[in-house]
Amino acid sequence: MAAVTTTFPSHARAVIVGGGIVGCSVAWHLARAGWKDVVLLERKRLTSGSTWHAAGLVGQLRTNANVTQLLKHSVELYERLEAETGQASGWKRNGGLRLACNADRLIEIRRQATTARSFGLEMHLLSAAEAKDLWPLMDASDLVGAAFLPTDGQANPSDITQALAKGARQQGARIVEDCAVTGFRIENGRIAGVLTDQGEIACEAVALCAGLWSKALGRLAGVRVPLQPVQHQYMITEPIDGVRPDLPTLRDPDRLIYFKEEVGGLVMGGYEPDPKPWADDGIPEGFHFTLLDPDWDHFEQLMCQALARVPALESAGVKQLINGPESFTADGNFILGEAPEVRGFYVGCGFNAFGIASAGGAGRALAEWIAAGEPPMDLWPVDIRRFGLPHGDDGWVQARTLELYGKHYTIAWPAEEHDSGRPLRRSPLYQRLKEAGAVFGEKLGWERANWFARPGRDEPGDVYGFGRPSWFEAVGEEHRACRERVALFDASSFAKFLLVGQRAEAALSWICAGDVARPPGRVVYTQMLNANGGIECDLTVTRLAADAYYIVTGTGFATHDFAWILRHLPERADARLLDVTSAFAVLPVMGPLARDLLARVTPDDVSNAGFPFGAWREIHIAGAPVRALRVTYVGELGYELHVPVEFALAVYEALLAAGQALGLAHAGYRAIESLRLEKGYRAWGADIGPDYTPLEAGLGFAVKLGTSQPFLGREALERQRTTGLNKRLVCFTVDDPEVVLLGRETIYWNGAPVGWLSSGGYGYTVGRAIGYGYLRHGAGVDQDWRGSGGYELEVATARVAATLHLEPLYDPSAGRVRR
Ligand SMILES: Cc1cc2nc3c(=O)[nH]c(=O)nc-3n(C[C@H](O)[C@H](O)[C@H](O)COP(=O)(O)OP(=O)(O)OC[C@H]3O[C@@H](n4cnc5c(N)ncnc54)[C@H](O)[C@@H]3O)c2cc1C
């Protein structure tokens, strides 16, 4: 029934925009958390967007532990929803089967099975014959193996949504259908109200869960929601002999297709390599409970694959070919969280055809985010702050999204790069590095040299695989050049901010866990913590002047870190934050001969006494004023040269010319990864993040607990110091040269699983595979406990012996860095 305008609410604590499965899940979770004053607005009827026509497969395993937890929560919720609300949900825990038709795919599913074990999800490897027993209708002759997740299942998306809506109403939330949101009122950068075709609702928080419509609605608030509608098709057959209700869902990635049982027939869909975008000119008016025209020509490629897998389809009657639009994103992950542009404006959309599987957990996480004003756990892979400048361009987003859609079922190779929308952001050195053999990767639109092909020895391009990669030897040479001589990197993509103002020191001292109240001339490596002591940012802070700091952080964290700093500056602080990323190229020169190199190109004092570790100086190279920071991420004597962009080429040429006599080599990001693993430097987003404190991460040395200065997160760290740790980041090596560590491998302590690797790679100096990961143990992880274990790692379901290291593998006293 349509809402009655006279009772239209004028105020709500939270307004949810969109009555699909995600919006209803947010309403349910907010209401259950005691938020009574919640209004959900749906422009037409509940489910009328993408939800009503979803196929309803519910898988859980993702490559990130916390995102997998969200999907596990969906399953737990769907299992009890009917009992709690009295509304049928169509949930069926029939398990999920995944097929492998070649050796690489088998390795991939073995690695996935280990990931599942790390994340506490059951996943069993099966032989082809066992898979056929579970799914007798299929032709299994080309299978080399399979995997089965017994807790996966399928659901009826509309029924689940109605059950969530009913439960939300029972708990006091209000749902208004036939009410379209037309805009937002924003005051002082904060949401103040939602405008609708029935009037305004003043509110403290908004959750934009409007599916395909979210991009356009976000724009009305100045919020960037980079999603792309894409056509997605599946076929429904008439009943087929032998299709039982308990048939597991089936994913056949080598054939790009999936199946599920539906009323005795099959649903079959897939991910074609040449997807079709939709609604380039905007979503048509009146698009609700609407499908697109079936496109049999386009579907034929999937149909051919399906016929080969399930020959019974040949004679099956086809009920319908569903063609529905769905929002996809440029990295295949959904979009969650508070928008960096507007306080109190939360987003939950872009579900990449796993919105039914995600909604239970994503709705809960967003509700908790709204209630607390911060995420309930580290959700970086889906966090809206992961986007950057390229995501503001519709053309770029479309190109990358279509590429990722086409790769939905292709093997996810280690270190895989994507091709679309490139090159976009290029450092001034780009062309020169290319001529020097650079093989580029891409991050937030930036072209970054991953490695350098050696003339006559390497093809300049990545050849992917699960074993030793094609670039292995070349990266080894770059690594050794840095350890033994001097290497030149291009880190121009680093995000760089200026914080200026009379109160800059006081403001930054509150946000930073490290002591940044240092005199001009100093560089401080520091973390910024949340109230729980979790690491939100990991960066360097350079004191330029009494009232000016220069902050440098990783390429991918530009939006996140900027937003974090801005939002945590004390109120009325006289301190302004500016993004100066585009103003400076960054040329790190690293290695034992780095000082010799600089001495050849600058008249300024670069001696250890005159320019010690942890300092910065303005030096002059080839006529350029260069901000040189004596810091390192590779564990060698080195300098980060921050150069105004127009001087970058001149500085580069001078370094190259002077470096010839010293054996200067170009080096790229893959060498950096190997070097930093050996030295034990942490990577945010992998080894450290909001779920881990500096004490757990072994970064206590960078925290000013020894001073009396207050800082955000201090109390949590003090508590933790008293109670002790129950997780701790440690390092492992594996002697077996055949073992490749990539991250997510399970850690065993005396035979019991106690964690998983957050990073993995190869150390060329130590000559072994290296992995970092947290040991987790409720009763504590003190040195005695850690030392009492025999350790193994599970790699692609096989256990291998591992050695625990409590000190950095390379130069533990840091003598090389400080000399
Ligand atoms: C063919 C197909 C098959 C799929 N199969 C699966 C599957 O097997 N498993 C799976 O997990 N996922 C699947 N999906 C994905 C799934 O359907 C979506 O991810 C999910 O439904 C998204 O839910 P939502 O709530 O975000 O969006 P929607 O369901 O689109 O809801 C958004 C709502 O916002 C409303 N709205 C828009 N503008 C306004 C406004 N101005 N004011 C008020 N309300 C507004 C809309 O009317 C709509 O009801 C499939 C999708 C498609 C297209």
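Order of appearance sets the numbers: ligands from 1, and atoms from 1 within every ligand.
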**Student:** Does R43 count as lying over the ring of W213, i.e. NZ or CZ under 6.0 Å from the six-ring centre, within 45 degrees of the axis?
**Tutor:**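 The answer is yes, since R43 meets both limits relative to W213.
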**Student:** What part of V22, side chain from CB on, backbone N/CA/C/O, both or neither, has a heavy atom under 4.0 Å from ligand 1?
**Tutor:**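 V22 to ligand 1: contacts from backbone and side chain alike.
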**Student:** What I want to know is whether G355 and ligand 1 share at least one N or O pair that is separated by under 3.5 angstrom.
**Tutor:**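 Yes, there is a polar N/O contact under 3.5 Å.
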**Student:** Could a heavy atom of C179 be found less than 4.0 Å from some atom of ligand 1?
**Tutor:**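 It does, in that a heavy atom of C179 comes within the 4.0 Å cut-off of ligand 1.
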**Student:** Just wondering, more than 12 heavy atoms not from D280 lying within 6.0 Å of its CG?
**Tutor:**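 Enclosed.
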**Student:** Give the contacting part of W52 toward ligand 1: side chain, backbone, both or neither, where contact means a heavy-atom distance below 4.0 Å.
**Tutor:**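 The answer is neither.
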**Student:** Closer than 4.0 angstrom: is that true for some heavy atom of H232 and an atom of ligand 1?
**Tutor:**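 Within the 4.0 Å threshold, so yes.
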**Student:** Where does L217 meet ligand 1, judged by heavy-atom distances below 4.0 Å: at the side chain, the backbone, both, or neither?
**Tutor:**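 The part of L217 near ligand 1 is the side chain, not the backbone.
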**Student:** Considering only heavy atoms, does C349 approach ligand 1 within less than 4.0 Å through its side chain, its backbone, both, or neither?
**Tutor:**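 The answer is neither; C349 stays 4.0 Å or more away.
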**Student:** Applying a heavy-atom cut-off of 4.0 Å, say which part of C209 lies close to ligand 1: side chain, backbone, both or neither.
**Tutor:**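 Only the backbone of C209 comes within reach of ligand 1.
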**Student:** P325 near ligand 1, heavy-atom distance under 4.0 Å?
**Tutor:**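 P325 counts as a contact of ligand 1 under the 4.0 Å cut-off.
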**Student:** Looking only at distances, can you tell me whether any N or O atom of E42, backbone or side chain, sits closer than 3.5 Å to an N or O atom of ligand 1?
**Tutor:**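 E42 vs ligand 1: N/O contact under 3.5 Å present.
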**Student:** Can R244 and E261 be counted as an ion pair, charged N to O under 4.0 angstrom?
**Tutor:**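 No, R244 and E261 are not salt-bridged.
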**Student:** Scan L266, L134, L97 and name whichever one has a side chain to side chain contact (heavy atoms under 4.5 Å, CB included) with L247.
**Tutor:**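 The single option meeting the side chain to side chain contact (heavy atoms under 4.5 Å, CB included) with L247 is L266.
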